[in-house]
Amino acid sequence: MRMDNKRILSLLGLALRGGNLAVGEEPVEAAARARDARVLLLAANAAAGTRRRAEHFAQAGQCLWLCVPFTKEELGTALGRASVALTAVTDTGLANAVVHRLAEGDPARYSEAAARLEVKARRAEERRAERVTHEKNARQGKRKPGKIPESPPKRTVSAERRAAPSQGTGSRPAARRGRPRPGARAKPYAHSHPVKKGKGSFRKRED
């Protein structure tokens, strides 16, 4: 076995120990339908029915599926099983590393898949960095920079308006206070004081 193939099998074993590898048709189907699978790997001597199911799982999970240059027995030995026909890598970084190793050994067959996975891995890393930054800002009480709402302009009163008397409802200019309105009837006793009546008023005593 070539050295590159041994490294790929070592990566698959590492993914299995880290909980990032689904082994067998049922676990692979569950990972694909949950949109957790990043790449499906099919053994070189897998049956035609397994190949059709792998293609169907990849379509359901919107992920890649590749036929790897390993037999079911070779995959099984690397993963501690008797034989393995289908696996799914659920970690983006590990999937990218595995496919890049495959592309180094056979560029014509795996280079396109490696380029697609590299784009997905870069986007996943950007989302992870944004999530970490958001959580850090949330702990520190920071907010995302946005447009600060502008306060409404304050109404300024000019000096001439402040000096002028107010002309609200029920008020009149000071110069016209106390003057009779034009056409109003003059009252002859307007400025006289009223005479108090009642207790204390002068009354003529009756003898």
Side-chain angles (χ1 to χ4, degrees), residues 2-44 46 50-72 74-76 78-81 84-149:
R2 293 175 55 183
M3 184 61 66
D4 292 341
N5 292 347
K6 289 183 178 180
R7 290 179 179 177
I8 295 170
L9 293 176
S10 298
L11 285 174
L12 294 178
L14 179 64
L16 179 64
R17 289 190 295 272
N20 297 312
L21 187 71
V23 181
E25 289 190 15
E26 291 184 3
V28 168
E29 180 182 8
R33 293 190 181 280
R35 304 291 177 88
D36 292 333
R38 300 296 173 258
V39 62
L40 274 58
L41 304 176
L42 182 70
T50 306
R51 181 184 292 268
R52 286 193 300 270
R53 285 188 290 273
E55 185 177 358
H56 177 71
F57 297 159
Q59 290 176 354
Q62 295 183 357
C63 60
L64 299 175
W65 75 276
L66 301 172
C67 185
V68 294
F70 308 115
T71 63
K72 294 187 292 184
E74 289 173 341
L75 285 175
L79 302 176
R81 306 286 181 90
V84 173
L86 183 63
T87 63
V89 184
T90 57
D91 181 77
T92 304
L94 286 172
N96 189 30
V98 169
V99 178
H100 265 76
R101 292 290 185 184
L102 291 170
E104 289 175 359
D106 191 351
R109 189 175 184 183
Y110 299 109
S111 59
E112 182 180 354
R116 292 176 61 182
L117 268 180
E118 186 176 0
V119 172
K120 290 185 177 181
R122 185 168 60 250
R123 291 176 180 174
E125 181 63 23
E126 291 174 356
R127 289 192 298 267
R128 188 192 67 81
E130 289 177 0
R131 184 172 63 252
V132 170
T133 304
H134 175 71
E135 292 174 355
K136 182 178 179 181
N137 292 339
R139 286 194 300 268
Q140 295 178 355
K142 295 181 180 179
R143 295 183 179 179
K144 290 183 177 181
K147 185 178 180 180
I148 301 175

Completion exercise
Across all chains, not counting sequence neighbours, the salt bridge (charged side-chain N to carboxylate O under 4.0 Å, His left out) partners of Glu55 are none
Handout entry: Arg33: partners by salt bridge (charged side-chain N to carboxylate O under 4.0 Å, His left out), with sequence neighbours left out
Key = Glu29
Problem - Side-chain donor or acceptor of Arg38 paired with backbone N/O of Arg35 under 3.5 Å - result: yes
For [X] versus [Y], what's the shortest heavy-atom pair and its separation?
| X | Y | value |
| --- | --- | --- |
| Ala113 | Leu66 | CB-CD2, 3.9 Å |
| Ala54 | Leu42 | CB-CD1, 4.4 Å |
| Ala95 | Val39 | CB-CG1, 3.6 Å |
| Ala37 | Cys63 | O-CB, 3.5 Å |
| Ala31 | Ala22 | CB-CB, 4.4 Å |
| Cys67 | Ala43 | SG-O, 3.8 Å |

Hey, could you give me the [atom1]/[atom2] distance between [X] and [Y], rounded to the nearest 0.5 Å?
| X | Y | atom1 | atom2 | value |
| --- | --- | --- | --- | --- |
| Leu41 | Leu102 | CG | CG | 7.0 Å |
| Thr92 | Glu118 | OG1 | CD | 13.0 Å |
| Leu40 | Thr87 | CG | OG1 | 7.5 Å |

Handout entry: Stepwise side chain to side chain contact (heavy atoms under 4.5 Å, CB included) check, Lys72 with Leu75
Key = CA-CA 5 Å; Lys72 294 187 292 184; Leu75 285 175; 5.9 Å; no
Quick one, [X] and [Y] - any side-chain contact, counting heavy atoms below 4.5 Å?
| X | Y | answer |
| --- | --- | --- |
| Trp65 | Arg51 | yes |
| Ile8 | Phe70 | yes |
| Lys6 | Leu9 | no |

Problem - Sequence-distant partners of Glu25, side-chain hydrogen bond (donor to acceptor under 3.5 Å, both in side chains), two or more places apart - result: Thr50, Arg53
Problem - Pairing residues for Arg101 by the side-chain hydrogen bond (donor to acceptor under 3.5 Å, both in side chains) criterion, not counting sequence neighbours - result: none
Problem - Heavy atoms from other residues, nucleotides or ligands near CD of Glu135 exceed 12 (cutoff 6.0 Å) - result: yes
Practice task
Can you establish whether the number of heavy atoms outside Arg116 located under 6.0 Å from its atom CZ is more than 12?
Solution key: no
Kindly write out the residues that satisfy side chain to side chain contact (heavy atoms under 4.5 Å, CB included) with [X], not counting sequence neighbours, or none if the list is empty.
| X | result |
| --- | --- |
| Thr133 | Asn137 |
| Ala114 | Val99, His100, Ala103 |
| Val132 | Arg128 |
| Ala15 | Asn20, Leu21, Leu94 |

Practice task
Applying side chain to side chain contact (heavy atoms under 4.5 Å, CB included) between Leu12 and each of Val68, Val98, Val23, report the one that passes.
Solution key: Val98
Exercise for the section: Sequence neighbours left out, what pairs pass salt bridge (charged side-chain N to carboxylate O under 4.0 Å, His left out) with at least one residue falling in residues 56-69? Expected result: none
